[in-house]
Amino acid sequence: DWLVKDLIPQGLYSLVIGPPGSYKSWLVEQLAVCCILGIPFLGSEGLVTKKGPVVFIDEDTSTDVLTDRLKRLSYNNDGWMNIDLRSMTGFRLDRNTGLLVQEIEKLYSPLVIIDCLVKVLGSWGPDRSKDAIEASEKIHKIRDAGATVIATLHESTKKQGDQRPKNRNSAAMNSTYLITHADSELFTERLSESSPIFKITPSEKRVKLMSQTLDIEVRDYPEGTSLISLEEIGMKPSWAAILLFRHFYHTSKGQSGITV
């Protein structure tokens, strides 16, 4: 079954992965609006989206900014207010998962969005493999309670301080634990800092190293904001394929870690 036809599987755990500024938050915010309203994703009739309850846990964007975005993405359709919005509430996987699971079990196939994963790790660190595995197991409990889980994986913003691990090679390696414990991924890439267009590359599994890439354009209008799917373009290596190539290339050269 699909939450978004041929793009996002229902009842599984998907990661949205990409560098800062690649519209990851905008992507999951529009997904929340489309799911709660039951309208096609990215303005494409082919990306049929199942209507259902949405729990949106956001520890990355201020409440004012987030609510304004949701209003614009819904073009002021009040239906967006049915999203169970939990913005900057201090949610942490290591201490709040149990209560969330109990709440999810009372809902019918909800979509649970977590933006972003690093901010909800609590006492765990993304650069420690054991912590990354335990965090993934907590998300699996949320999934197994009947939810479709979407989480973004990106770094802290400069405004909130540089909370990135000091050991970048270690962080890159152990981020693969977070990635490999997801059921599917969407990789995002912005064309340039000044461009409103970004790419998404879906991949159901890491072994699927070639994926169709879609161009998405962010369009601002006086009455609202749209994320529009442009034409489908050719095959290209996924972000995961590039990551794995770099790892094995440098390992074969006698170097450790991944150069990103």
Are side-chain N/O atoms of Ser87 and Asp58 paired as donor and acceptor at under 3.5 Å?
-> no
Kindly check if the number of other-residue, nucleotide or ligand heavy atoms within 6.0 Å of CG (Asn76) is above 12?
-> yes
CH2-CD1 distance between Trp80 and Ile36, expressed to the nearest 0.5 angstrom = 11.0 Å
Name of the residue among Val149, Leu31, Val55 meeting side-chain contact (heavy atoms from CB on, under 4.5 Å) with Leu111 | Leu31
So if you build clusters from Ile, Leu, Val, Met, Phe, Trp, Tyr with side-chain heavy-atom gaps below 4.5 Å, do Leu85 and Trp26 land together?
-> yes
Tell me yes or no: between the side chains of Tyr13 and Thr148, is some donor less than 3.5 Å from an acceptor?
-> no
Quick one: does Ile113's side chain get under 4.5 Å of Ile57's, heavy atoms only?
-> no
Side-chain heavy-atom pair Ile216, Ile228 within 4.5 angstrom cut-off = no
Is a side-chain donor or acceptor of Thr225 paired with a backbone partner of Asp220 at a separation under 3.5 angstrom?
-> no
With side chain to side chain contact (heavy atoms under 4.5 Å, CB included) as the test, would you mind laying out the steps for Thr152 and Val28 before giving the verdict?
-> CA-CA 8 Å; Thr152 62; Val28 297; 3.8 Å; yes
Could you tell me whether the side chain of Thr67 and the main chain of Thr63 form a donor-acceptor pair under 3.5 Å?
-> yes
Residues Ser136 and Leu178: closest non-hydrogen pair is OG-CD2, 3.8 Å
Would you say Pro40 and Cys34 make side-chain contact, with heavy atoms under 4.5 Å?
-> no
Side chain to side chain contact (heavy atoms under 4.5 Å, CB included) between Thr188 and Lys199, intermediate numbers included = CA-CA 5 Å; Thr188 65; Lys199 298 177 182 294; over 6 Å; no
What do you reckon, is CD of Glu45 surrounded by more than 12 foreign heavy atoms closer than 6.0 Å?
-> no
Kindly determine whether Phe56 and Val112 satisfy side chain to side chain contact (heavy atoms under 4.5 Å, CB included), including the steps that lead there.
-> CA-CA 6 Å; Phe56 200 125; Val112 175; over 6 Å; no
NZ of Lys51 to OG of Ser109: how many Å apart, nearest 0.5 Å?
-> 15.0 Å
Side chain to side chain, Leu37 and Thr49, heavy atoms closer than 4.5 Å = no
Polar contact flag, side-chain donor to acceptor under 3.5 angstrom, Ser22-Arg190 = no
Taking all non-hydrogen atoms of both residues, which atom of Tyr75 and which atom of Ser226 are closest, and how far apart?
-> OH-OG, 2.5 Å
Distance (rounded to the nearest 0.5 Å) between Leu15 CG and Leu153 CG = 6.0 Å
What one should report as the nearest heavy-atom pair of Asn96 and Gly90 is OD1-O, 3.7 Å
Please check if Ile39 and Leu47 belong to a single hydrophobic cluster, counting links between Ile, Leu, Val, Met, Phe, Trp and Tyr side chain heavy atoms closer than 4.5 Å.
-> yes
Linking I/L/V/M/F/W/Y whenever any side-chain heavy atoms sit under 4.5 Å apart, do Met81 and Val33 land together?
-> yes
Quick one: CG on Asp94 to CG on Asp131, what's the gap to the nearest 0.5 Å?
-> 9.0 Å
Taking it one step at a time, do Leu3 and Cys35 satisfy side chain to side chain contact (heavy atoms under 4.5 Å, CB included)?
-> CA-CA 8 Å; Leu3 178 71; Cys35 187; 4.1 Å; yes
Rounded distance (nearest 0.5 Å) linking atom OG1 of Thr97 with atom CD of Gln102 | 11.5 Å
Min side-chain heavy-atom separation Phe41-Leu7 under 4.5 Å = yes
Quick one: are Leu230 and Leu214 in side-chain contact, heavy atoms under 4.5 Å?
-> no
Take atom NZ of Lys50 as the centre, draw a 6.0 Å sphere, and report whether it contains more than 12 heavy atoms from other residues, nucleotides or ligands.
-> yes
Just one of Lys119, Arg69, Lys24 clears the salt bridge (charged side-chain N to carboxylate O under 4.0 Å, His left out) bar with Asp60, so which one?
-> Lys119
Which of Gln30, Glu29, Glu217 passes side-chain contact (heavy atoms from CB on, under 4.5 Å) with Leu227? Answer is Gln30
Supply the atom-to-atom distance Arg86 CZ to Glu59 CD, rounded to the nearest 0.5 angstrom.
-> 11.5 Å
Does Arg143 pair with Asp183 as a salt bridge, N-O distance under 4.0 Å?
-> yes
Is Val48 reachable from Ile200 through a run of hydrophobic residues whose side-chain heavy atoms are each under 4.5 Å from the next?
-> no
Just wondering, do Ile150 and Ile8 contact through their side chains at under 4.5 Å, heavy atoms?
-> yes
Residue pair Thr61 / Met88, side-chain heavy-atom distance below 4.5 Å | no
Closest non-hydrogen atoms of Ala145 and Val101, given as atom of the first, atom of the second and distance, are CB-CG1, 3.9 Å
All heavy atoms of His181 vs all of His140, minimum pair found to be O-NE2, 2.7 Å
Among the clusters formed by ILVMFWY side chains lying less than 4.5 Å apart, do Leu100 and Leu12 turn up in the same one?
-> no
